[in-house]
Amino acid sequence: MRALLSCGTRSVIDAVFDPVSTDELDQARYLAHSMRAGMLLLADRNYAAAGQIATLAARGHIY
């Protein structure tokens, strides 16, 4: 399970539940569709996701 949460309100914006065999980055890509421009992304440093981070930055999600 991965979730996209609001830091300010602590509410769940979106979540994904998949089998443990599902890659974390696939889940992160799914959750990225729920992000909007101006949202701040706090992520685990262990994600090997340079390409995904570049995509989010291009969309205006990462400053």
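Since the model is a prediction, treat every value here as computed from it, not as a measurement.
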task = Mind checking side-chain hydrogen bond (donor to acceptor under 3.5 Å, both in side chains) for T22 and listing every partner two or more places apart, or none if nothing turns up?
result = none

Sub-4.5 Å side-chain heavy-atom contact between I13 and L5 = no

task = Please name all residues satisfying salt bridge (Lys or Arg N to Asp or Glu O under 4.0 Å) with D14, sequence neighbours left out, ordered by chain then number.
result = none

task = Please name the pair of heavy atoms, one in S34 and one in L4, separated by the smallest distance, quoted to 0.1 Å.
result = CB-CD2, 3.8 Å

ask   = Nearest 0.5 Å, what's the CE-CG distance between M1 and D18?
value = 11.5 Å

